[in-house]
Number of protein chains: 2
Amino acid sequence: MKRTIATIRDVAVHAGVSVSTVSRVINGRGPTHTETTSRVRAVIAELGFRPNPAGRALKSARSDCLGVVLPALSDPCHAGTLAALESAACGYGRGVMIACGGGDDSECAAVERLLAHRVSGMILTVCDAGRSDALAMLDREGVPYVLAHNLPRRSAESGVGVAVATDPDAAALLLVDAMTGHGHRVVGNVASPEQPADWACRFADTLDRVLRARDLPPVLRFDRSALRAALAGPGAPSLLWCGGAVTAQALLRDLRDLGRMVPGDIAVIAGEGVVAPDLAPDLAPDLAVIASPTGAIGDRAVELLIAAIAGDDPVASVLLPPQFWPGQTLGTVRR
Amino acid sequence: MKRTIATIRDVAVHAGVSVSTVSRVINGRGPTHTETTSRVRAVIAELGFRPNPAGRALKSARSDCLGVVLPALSDPCHAGTLAALESAACGYGRGVMIACGGGDDSECAAVERLLAHRVSGMILTVCDAGRSDALAMLDREGVPYVLAHNLPRRSAESGVGVAVATDPDAAALLLVDAMTGHGHRVVGNVASPEQPADWACRFADTLDRVLRARDLPPVLRFDRSALRAALAGPGAPSLLWCGGAVTAQALLRDLRDLGRMVPGDIAVIAGEGVVAPDLAPDLAPDLAVIASPTGAIGDRAVELLIAAIAGDDPVASVLLPPQFWPGQTLGTVRR
DNA sequence: CTGAAAGCGCTTACAG
DNA sequence: CTGAAAGCGCTTACAG
């Protein structure tokens, strides 16, 4: 016994006007607020009328939904971004359709699904914005999109492929400042999957450059599995850096299993792929983090996408400063 | 320079048939697979034609999207559920629109937003299914919905308000077995917001009953802020239970700050509001958890909702057995 | 097995 | 300031 749903026609009849007039009232263009308008408004409220987006979409050929493509949502970092995106989109009266990727293969599948639903634009975090079939598809289709947590693509000059991300150079500087400030001179980098490849690459380049400029030894890179070996011998790092908080937590466990005290024997700092900010104090209370401003990234990404959809002047990418969360795991080396 | 999008009419013209025929091919009802069908299929592929959901929706008055309403997505538990739902919905060719709630107030707002988008049904996790304005609204609108992680509503007999959740009785039993199996006789319950009130209530009732039946002292309930006092004096619990993994992590920190060793001085076990299962080994390696089968809950919830939308016979609620993740924090009390 | 036609709910020029 | 009419892309009886 479903309720019949009121249509614009019902409203028109009840208000004693034409559907055109109702449409104008709904969309706020047309008659100045005379008695007619308020009468129509009253009927709309009375009938609980909601404009059917399908009817609308048929004209514009686009739904009023934004598509969001993210890697595994199980990662709190991406879940936090989604929360921010949803909240921001809501502010523009836009719905959010979600599709999760994984490998590059399913990134395409995710985009394809969203395309089938005719989202008016997409926000994506991809494995590597530099080489992404999913983005190529989007370019081909001419659907506006904004990257989140990836770096801008080269083609971004033309206005497509803009990105909103943490500034990788600033993050690298922050790391060096944090390490030297606490007396560390050698940093090891444990590979972590949380960061998009393009971002991580740029970050690593800058990091190496800054270290060299300060006469510090280059980064020692290795996998979690090579941890033991990497910590042995002279020249071993006194600080370990890894891309995301999830890997960091795993790393802390590895270190404990190896009998290394943190930060007594070895310090740890995580970056970028953060846990959801509001949970961080609970989930990772002691972990030092160079964090992404997830909320701001979500806000700006939606803002840019809305502008792109509206066909405004080509929007420019945004790099936001990272945030430093002090944590005990960073430790302090006595000279 | 957007590509013009192919319509069903374009396909019809190119294939030299009528739109009706194309429609039948797309929806797989009508002509048996003659030459016509394959010709139409070829043209569809060639043109990259995708049926416009808006055109479709206009007939059915419903989009082919499922709405999902969850409390803060920042909680990994809910993010995990969303991931499962998205994946399951995808299997049915359904898109997922997400809206986040929070207080009961914004639960309504979330439902309202999804309603405006004409989702064909919703899956929700609400604060308290027993008293929810959001669910009342759904009942009023006659939109099918399924609860996830909440318990079935009374009205569920009529087929509305069915739920998919972890079996609270089984979870309570599991807790008692785990505690007695490890030598614990007194359990304290730290209030945690992760669990929906209706579920937590039922769980607590059963827990008390089972403890009584086994001649064990009743649960000591208190807030995190009262932790110190609760642990002092005789009759203090040797095991702490809290609803979710996030609170559990915070609790572990509190205990450390109080100088209590886990599990040497005091044991900890978490329940229901789990971190995303695939991250658990990294984020909470040592934590003992009575976990919800998030993936299965997502699968079943979508399955039930799809059935409800199709107007199948009233579907029944599903209670799934919890999973026990052993962890060092549970400890063992020597007799 | 196939096609012509109506209609889903809305917006948008175009007349008044 | 307002209304009649066309049309967005699709599905669905209804004829052939």
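In this text, all values refer to a predicted model and were calculated from it rather than measured experimentally. Just so it is clear: chains get the letters A, B, ... in the order the sequence lines come, proteins before strands, and each one is counted from 1.
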What donor-acceptor contacts under 3.5 angstrom involve side-chain atoms of residues 300-310 of chain B, with partners at least two apart or in another chain?
unit_1   : atom_1 : unit_2   : atom_2 : d
B:Arg300 : NE     : B:Glu303 : OE1    : 3.4

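- Stem analysis of DNA chain C (at least three stacked-register Watson-Crick or G-U pairs, each with both distances under 3.5 Å) gives C:1-3 with D:14-16, C:5-12 with D:5-12, C:14-16 with D:1-3.
- With sequence neighbours left out, the side chain to side chain contact (heavy atoms under 4.5 Å, CB included) criterion links B:Ala54 to A:Ala57, A:Leu58, B:Asn52.
- Remark: B:Thr81 pairs with B:Leu85, B:His149, B:Thr294 by the side chain to side chain contact (heavy atoms under 4.5 Å, CB included) rule, at least two apart or across chains.
- What you find for A:Ile123 and A:Ala148 is that their closest heavy atoms are CG2-CB, 4.1 Å.
- Looking at residues two or more places apart in sequence or on another chain, you find a side chain to side chain contact (heavy atoms under 4.5 Å, CB included) between B:Asp299 and B:Ala88.
- Not counting sequence neighbours, A:Ser38 has no partner by the side-chain hydrogen bond (donor to acceptor under 3.5 Å, both in side chains) test.
- Partners of B:Glu46 by salt bridge (Lys or Arg N to Asp or Glu O under 4.0 Å), not counting sequence neighbours: none found.
- In terms of phosphate contacts, B:Thr21 brings no side-chain nitrogen or oxygen within less than 4.0 Å of OP1 or OP2 of C:dC1.
- The side chain to side chain contact (heavy atoms under 4.5 Å, CB included) test applied to A:Arg56 returns A:Ile26, A:Asn27, A:Pro51, not counting sequence neighbours.
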Atom pairs, N/O to N/O, protein against nucleotides 9-13 of chain C, distance under 3.5 Å?
unit_1 : atom_1 : unit_2  : atom_2 : d
C:dG9  : N2     : A:Gly55 : O      : 3.0
C:dC10 : OP1    : A:Asn52 : N      : 2.8
C:dC10 : OP2    : A:Ile8  : N      : 2.3
C:dT11 : OP1    : A:Asn27 : OD1    : 3.3
C:dT11 : OP1    : A:Asn27 : ND2    : 3.1
C:dT11 : OP1    : A:Arg56 : NE     : 2.7
C:dT11 : OP1    : A:Arg56 : NH2    : 3.3
C:dT11 : OP2    : A:Ser23 : OG     : 2.8
C:dT11 : OP2    : A:Asn27 : ND2    : 3.4
C:dT11 : O2     : A:Lys59 : NZ     : 3.3

